[in-house]
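Below is one structure, written out as structure tokens, with a few remarks after it.
In this text the structure is predicted, and so the values were computed from the model without any measurement. The figures here come from the full heavy-atom set of this structure, side chains too, leaving out hydrogens, waters and symmetry mates. Numbers here are sequence positions counted from 1. Both counts, for ligands and for their atoms, begin at 1 and track the order of listing.
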Amino acid sequence: MTELTVALLGHGAIGSVIAGALREGHVPGARLVAVVDPATAPAPGLPVVPLATALARAELVVECAGQTALRDTGPSVVAAGRHLLALSTGALADDVLHRRLLAGPGRLSLCAGAVGGLDLLTAAGALAPFDTVTIRTSKSPGSLARPWMTEAETSRLRTTAEPYEVLRAPAREVTRAFPATSNVAASVALAVGDWDLVEAVVVADPGATLSRHEIEATGPAGRYRFEIANLPSPANPRTSGIVPYAALRAIRALAGNPGGVV
Ligand SMILES: NC(=O)c1ccc[n+]([C@@H]2O[C@H](COP(=O)([O-])OP(=O)(O)OC[C@H]3O[C@@H](n4cnc5c(N)ncnc54)[C@H](O)[C@@H]3O)[C@@H](O)[C@H]2O)c1
């Protein structure tokens, strides 16, 4: 079996865990050949290179660098014929970017990241369109502060003793308002195939030690309810610690993964 050569775009909280696991051989059939991150210095065994070198070396490019990075570099990855596995799914709220990433010749795949159940939602949505889909995300108030907020809004985040709804809107709007924390809402909208149908609710919860996502969907195929509560990454409170392991699962599947769940 030939090895799947892997490049990482981003070596932060997510990318560094993926790099460590690949370097330690935890994903049979996959080999780390490049890391692209302006904030990371080369180190023994860590092949930090420019993007052009990564595209020359790798078949699979895993984006774990953020929505801006996906917007700026994703099109060149697929244009070079490379398979792009994207984690910053919120960037795909931009339909023009999404179409460019689907234009090939390289393939686009999305990583489920911090959320589960997307396979079932996709299957149920294929049977018949949903009537309602809601995703309610509760996080610690400190992780929700954004530059567009008024002084009163950031003050309420700092001082609230009770959970409260910060925003309730269609998933596309919520994804734009909270780019670093709403990739899960985006992934649900992409799985359902309808950004406008999916209502996303962001809750600031001062008692939250976990990032909680409650997903409810109803339609002709049935009624679905998932609740996920993830521990934040020690390196980045906006990211759940599970996310690099979701990416490693995806890499394992793309590398062959005999006998694995698909
Ligand atoms: N799908 C999901 O469930 C999910 C969950 C969490 C995070 N994410 C996405 O993953 C991204 C990364 O998360 P993280 O916690 O590792 O963030 P992080 O801030 O810890 O690391 C991001 C790294 O990317 C690097 N970077 C930025 N722009 C770059 C570029 N153009 N090229 C190469 N590297 C670049 C930064 O220097 C940084 O080291 C988030 O911004 C978010 O969009 C998705």
Contact check, Thr73 vs ligand 1, heavy-atom distance below 4.0 Å | no
Would you call Cys64 a ligand 1 contact, heavy-atom distance under 4.0 Å?
-> yes
Check each atom of ligand 1 against the heavy atoms of Ala39 and keep those under 4.0 Å away; list them by number with element.
-> 37 (O)
Quick one: does Glu227's side chain get under 4.5 Å of Arg212's, heavy atoms only?
-> yes
Nearest-neighbour protein heavy atom for atom 16 (O) of ligand 1, which is reported as residue plus atom name and distance | Ile14 N, 2.9 Å
Arg82 side-chain N/O to Leu55 backbone N/O, donor-acceptor pair under 3.5 Å = yes
Heavy atoms, side chains only, cut-off 4.5 Å: are Thr218 and Phe130 in contact?
-> no
Closest protein heavy atom (residue, atom, distance) for atom 15 (O) of ligand 1 | Thr239 OG1, 2.6 Å
What protein heavy atom sits nearest atom 41 (O) of ligand 1, and how far off is it?
-> Gly66 CA, 3.3 Å
Can you sort out which atoms of ligand 1 are near Ala114, meaning under 4.0 Å from one of its heavy atoms?
-> 2 (C), 3 (O)
Among Asp194, Asp94, Asp95, the one residue meeting salt bridge (Lys or Arg N to Asp or Glu O under 4.0 Å) with Arg172 | Asp95
In ligand 1, the atoms that come under 4.0 Å of a heavy atom of Leu9 are 32 (N), 33 (C)
Donor-acceptor contact present, side-chain Ser143 to main-chain Lys139, <3.5 Å | no
Short version for Asn183: what comes under 4.0 Å of ligand 1, heavy atoms counted, is side chain
contact_flag Val36 ligand 1 heavy-atom lt 4.0 Å = yes
Using a 4.5 Å cut-off on heavy atoms from C-beta on, say whether the side chain of Leu9 contacts that of Val35.
-> no
Who's the nearest protein heavy-atom neighbour of atom 20 (O) of ligand 1, and how far?
-> Ala13 N, 2.9 Å
Can you list the atoms of ligand 1 that are under 4.0 Å from a heavy atom of Pro38?
-> 33 (C), 34 (N), 35 (C)
Kindly confirm or rule out an N or O of Leu87 lying under 3.5 angstrom from an N or O of ligand 1.
-> yes
Out of Asp72, Val17, Asp37, the nearest non-hydrogen contact to atom 25 (C) of ligand 1 is supplied by Asp37
For atom 31 (N) of ligand 1, the closest protein heavy atom turns out to be Ala69 CB, 3.4 Å
Quick one: look up the protein heavy atom nearest atom 35 (C) of ligand 1 and list residue, atom name and how far away it is.
-> Ala65 CB, 3.5 Å
Protein contact to atom 43 (O) of ligand 1 [nearest heavy atom, distance to 0.1 Å] = Ser88 OG, 2.7 Å
Between Glu216, His213, Glu165, Glu199, which is the residue that forms a side chain to side chain contact (heavy atoms under 4.5 Å, CB included) with Arg136?
-> Glu165
Would you say Ala235 contacts ligand 1, with heavy atoms under 4.0 Å as the rule?
-> no
What residue and atom, counting heavy atoms only, is the protein's closest point to atom 17 (O) of ligand 1, and at what distance?
-> Asn236 ND2, 3.4 Å
More than 12 foreign heavy atoms under 6.0 Å from CZ of Arg176: is that the case here?
-> yes
Please check if the side chain of Tyr164 supplies one atom and the backbone of Ala161 the other of a donor-acceptor pair under 3.5 Å.
-> no
Would a 4.5 Å heavy-atom cut-off, applied to side chains only, mark Pro179 and Arg146 as touching?
-> yes
Between Glu59 and Arg31, is there a salt bridge with N-O shorter than 4.0 Å?
-> no
For residues Ser16 and His11, is any side-chain donor paired with an opposing acceptor at under 3.5 Å?
-> no
